[in-house]
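Below, chains carry the letters A, B, ... as their sequence lines are ordered, and counting in each starts from 1. The structure displayed is predicted, hence computed values, not measured ones.
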Amino acid sequence: MQLSIAITPPLVHFSRQRAAFILLVPLVVGLVVFAIYPAIYLVALSLTKSTLGQPFKSWVWGSNYLWAGGGDGGVFLTSLLRSAVFALTVTGLELVAGTALALLLLKPRRGDSLIRGSILLPLMTPPVLVGTAWKLMLAPAGGLVNGKLQAWGVIDAPISFLGSQPWADISLIVADVWQWTPFIAIMAYAALKQVPGDVVEAARLDGASEGRIFWTILLPLTAPALAAIFVLRLVMAFKTFDLVYILTYGGPGNSTALPNFGIWRLAMRSFDVGLAAAETVLFAVFISLVLLPVLRLHKRFEERT
Amino acid sequence: MGDTDKIAGVALDRRNFLKGAAAAAAGATFGVSPLLASRAYAGQELNLTIIQPHAVTGEYLKKEFLEKFGVTLNFTVIPYDQIQAQATLDVQSGANRFDVHDYWYATIGALAEDKVVEDLTDLIEKDKALVQPEDFLPAIYDPYSLVNGRRYGLPYDGDIHLLYYNNEILARNGIGVPKTWDDYYNAVKLVTEKEKANGIYGAAVLGFKVPIILISTYGNRLAGFGGSFLKDGKPNLLSEEAIAAAEELVRVAPYALPTPSETAFEQGLPAFLAGKTAFIEFWSDLGVRAQDPANSKIVDKWGAAPVPLGGNNKANVASLNAGFGWAISTGSKKKALAWEFVRWATSADVTLQLLTLQNSGIDPARTSGLNAGSYKSFAPKVQAAIAASSKTLTWPNGPQSPKLLEALTEQLSLALNGQIKPKDALAAAQKEWEHLLA
């Protein structure tokens with residue numbers, strides 16, 4: 001007590017300021033190293049003609065953006081729209097399927113922990129292996145799916161699931177949903193567990209059906225959490241690369257080439273690092289624009305509850 | 001080259017000199033310098049990249065180089081489609097881990113432009129007697145090494161495609177070996193229509209959307225029709241031959257092993273070696289694999305021929321699909337030793353040993369190898385088919401080549417899937433090539 005009295009107010013103020021500054025240093029350094037510097041480097045790179053071997057060869061200013069913005073015949077812009085359709089579709093399907101799975105998990109039954117563990121298997125499998133497994137299953141010659149369909153007389157010739165449209169899109173969606181639904185299910189299960197049990201019990205005692213309980217109690221109460229899960233998964237879906245690389249390599253033609261895959265091809269196959277950087281910047285802006293209404297929706301749900 | 005050129009600190013003392021002189025006579029026979037033959041570099045190491053299909057070659061070179069010269073070769077095996085990126089990043093990042101790179105010839109212009117590989121012109125000239133440049137197959141030597149009048153590497157694997165066929169399938173369908181692409185189409189169609197129900201197809205058409213696969217398949221047809229990718233350095237994709245080649249590729253697709261756009265090496269090769277397809281276009285080393293009972297159900301039941309002809313073309317032309325050489329990294333600190341390795345590994349003796357080594361993945365790059373008795377008896381059908389090709393079709397190999405090949409692959413893939421017409425695909429590729437080469 002005496003010690004604190006001995007310290008003069010200005011010194012206390014100075015020490016607090018210094019302590020605050022010191023505490024902020026790691027955050028600032030982290031931000032500079034991991035966010036600000038890479039962002040500045042990326043934007044600068046996008047304004048140059050750069051190859052993998054010779055970054056910053058010459059300044060070309062906006063010409064990479066002009067090329068990506070339509071000069072390439074709309075290839076990149078189309079891939080942006082494709083990514084939005086893909087991300088929204090898979091996220092929507094996974095949210096519905098994952099929530100349904102979570103509702104099933106809510107009912108206590110024997111072997112609960114084993115079931116919960118086993119549904120996580122697809123999630124724990126490396127994406128490359130998921131892609132390889134689906135590629136083998138969907139192969140036209142010797143693939144499980146074609147083999148069974150032919151054996152049952154459903155088809156008389158193999159379907160090119162990965163080499164023709166709309167099958168290639170459907171195959172990608174199915175593989176993605178198979179892999180990521182367990183993730184949503186576990187998150188949704190955690191959210192549903194937070195709903196007070198007595199509210200649900202009271203509704204049951206009042207004779208409410210399970211469907212009514214879900215729509216009027218469970219869903220409204222977990223909406224903010226489910227919206228947050230949706231946002232998280234949406235961002236992840238926009239970044240899909242592995243499945244496209246393994247399953248279709250962007251084909252047939254470029255009809256399944258999502259922006260991540262296209263940017264990788266530009267940088268690591270064509271070695272046009274400048275254009276790849278410009279497309280990365282545009283892609284980041286595009287994702288932000290798509291996320292804005294979703295984030296607003298999330299905020300509204302939070303305010304309601 | 002800089003200070004590191006000075007034979008990597010190896011002193012040419014009296015002992016080494018005498019050893020070198022003694023080894024000189026034997027050394028000359030094997031295309032190695034007296035210094036290397038004297039084991040003056042013994043105890044040193046070299047780091048090299050090598051493509052995955054050449055892994056067996058790497059093992060052989062490692063063993064021989066260590067036994068003969070006491071130098072350890074540390075090979076890093078890399079997927080063939082990532083070799084350029086690895087080499088470039090190694091130098092650009094300053095890591096400089098590698099001394100020697102296995103390179104695909106179509107990337108030599110880009111590697112030289114990005115200063116990833118050393119200019120070897122003066123070294124080749126200085127060691128002409130050991131290098132024997134006149135022995136390299138003329139159609140291969142320049143495309144594999146020459147960029148703007150300077151040489152940046154030496155070839156050791158001269159890859160072309162041949163048309164492989166299954167004798168049994170052809171015989172039971174009354175088909176001869178196709179001489180033209182029209183014959184080929186009719187044969188493929190006939191076999192598929194008759195035997196599809198038994199899981200046997202006319203051909204495995206490799207149409208997966210990566211340049212080394214799809215452009216090889218297109219290149220075979222372009223070569224057959226006598227066309228070219230570039231003419232006087234300008235895109236030539238709208239020539240009559242180029243369009244006919246693309247149309248031929250698209251025409252056969254419905255009768256091929258389903259489906260060409262999903263068919264890469266791992267789908268096409270097993271199908272042919274299991275006797276499930278009548279034809280496949282593939283590199284000449286398939287002839288060795290097809291005779292290996294461990295991998296093949298068609299031992300002694302296959303044949304190889306030059307790729308068919310098309311249009312008015314009457315001469316067999318081989319498309320230089322893939323093909324690799326050795327180059328020295330600009331980041332190497334052991335350039336003199338690296339040069340010793342490159343010269344030795346591309347020598348007539350070593351490449352001949354590799355030609356006759358099971359599963360080496362190496363095809364003739366030298367005239368002496370192609371005409372050697374040991375190679376003729378090791379792969380007689382393949383040797384005859386290669387020797388029958390009088391001309392070659394070179395892929396673009398300038399600095400823009402990676403982009404050009406990606407752009408063409410994209411468009412060919414669209415055509416192969418029926419999303420656009422072959423002519424429109426080539427028109428789009430031509431436009432992009434003009435933009436890239438402007």
Side-chain angles (χ1 to χ4, degrees), chain A residues 49-57 63 67 71-75 132 135-136 138-143 146-147 150 155-165 167-168 171 244-257 261-262 264-273 275-276, chain B residues 81-82 84-85 87-89 91-92 107 110-116 196-197 199 201 204 207-211 214 253 257-264 266-267 270-271 276-277 399-407 409-420 425 428 431-432 435-436:
Chain A
K49 184 179 181 182
S50 294
T51 65
L52 199 62
Q54 295 184 69
F56 299 99
K57 244 170 139 179
S63 75
W67 183 257
D72 62 355
V75 171
T132 307
K135 189 164 188 164
L136 290 173
L138 297 172
N146 268 307
Q150 278 183 291
I155 53 171
D156 54 1
I159 295 173
S160 176
F161 285 110
L162 303 174
S164 66
Q165 285 293 25
W167 291 113
S171 303
V244 176
Y245 179 83
I246 300 288
L247 284 178
T248 64
Y249 207 76
N254 53 17
S255 62
T256 58
F261 178 78
W264 167 79
R265 271 185 70 188
L266 267 179
M268 302 307 287
R269 285 290 174 272
S270 299
F271 302 103
D272 193 339
V273 176
L275 182 57
Chain B
D81 57 344
Q82 289 169 27
Q84 183 188 358
T88 306
L89 285 172
V91 172
Q92 206 274 324
T107 65
L111 290 171
E113 163 105 345
D114 285 346
K115 299 180 177 58
V116 176
K196 187 174 145 186
Y201 290 84
F208 193 66
K209 205 182 83 172
V210 295
L214 185 48
L257 179 78
T259 60
S261 57
E262 290 183 68
T263 308
E266 59 269 34
Q267 287 81 27
K276 299 282 184 193
T277 68
Q400 295 288 356
S401 140
K403 285 187 201 174
L404 299 178
L405 298 179
E406 284 290 338
T409 304
E410 191 78 29
Q411 295 303 329
L412 286 174
S413 175
L414 289 169
L416 193 59
N417 285 291
Q419 287 172 269
I420 52 174
K431 192 179 162 200
E432 203 162 340
H435 169 77
L436 290 166

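In summary, B/Glu266 and A/Lys135 do not engage in a salt bridge, as defined by a charged side-chain N under 4.0 Å from a carboxylate O.
Contact between B/Glu262 and A/Phe161 at its shortest, heavy atoms only, is OE2-N, 3.9 Å. The minimum heavy-atom distance between A/Leu52 and B/Thr88, with the atom names listed, is C-CG2, 3.7 Å. Nearest approach of A/Pro252 to B/Ser413, heavy atoms of both residues: C-OG, 4.4 Å. For B/Lys196 against A/Ala157, the heavy-atom pair with the smallest separation is NZ-CB, 4.3 Å. Listed here is the closest heavy atom pair of B/Gln82 and A/Tyr245: NE2-OH, 4.2 Å. The shortest non-hydrogen separation linking B/Thr259 to A/Pro140 is N-CG, 3.8 Å.
For A/Lys57, the NZ atom counts as densely surrounded, since its 6.0 Å shell holds more than 12 non-hydrogen atoms of other residues, nucleotides or ligands. More than 12 heavy atoms of other residues, nucleotides or ligands sit less than 6.0 Å from atom CH2 of A/Trp264.
With respect to chain A, the highest number of heavy-atom pairs below 4.5 Å among B/Ser401, B/Ser261, B/Pro258 belongs to B/Pro258.
Atom CZ in A/Arg265 sits 7.0 Å away from atom OG1 in B/Thr409 (nearest 0.5 Å). Atom-to-atom distance recorded for B/Leu414:CG and A/Asn254:CG is 5.0 Å, nearest 0.5 angstrom. Atoms CE and CG, on A/Met268 and B/Asp81 in that order, are 10.5 Å from each other to the nearest 0.5 Å. A distance of 3.5 Å separates OG1 of A/Thr51 from CG of B/Asp114, quoted to the nearest 0.5 Å.
The aromatic rings of A/Trp67 and B/His435 lie parallel to each other, their planes meeting at an angle below 30°, with 60° marking the opposite boundary.
None of B/Gln84, B/Gln400, B/Lys403, B/Glu406 except one satisfies the side chain to side chain contact (heavy atoms under 4.5 Å, CB included) rule with A/Phe271; the exception is B/Gln84.
Only the side chain of B/Gln419 comes within less than 4.5 Å of a heavy atom in chain A; its backbone stays farther off.
Of the possible donor and acceptor atoms, one in the side chain of A/Gln54 sits under 3.5 Å from a partner among the backbone N and O of B/Glu113.
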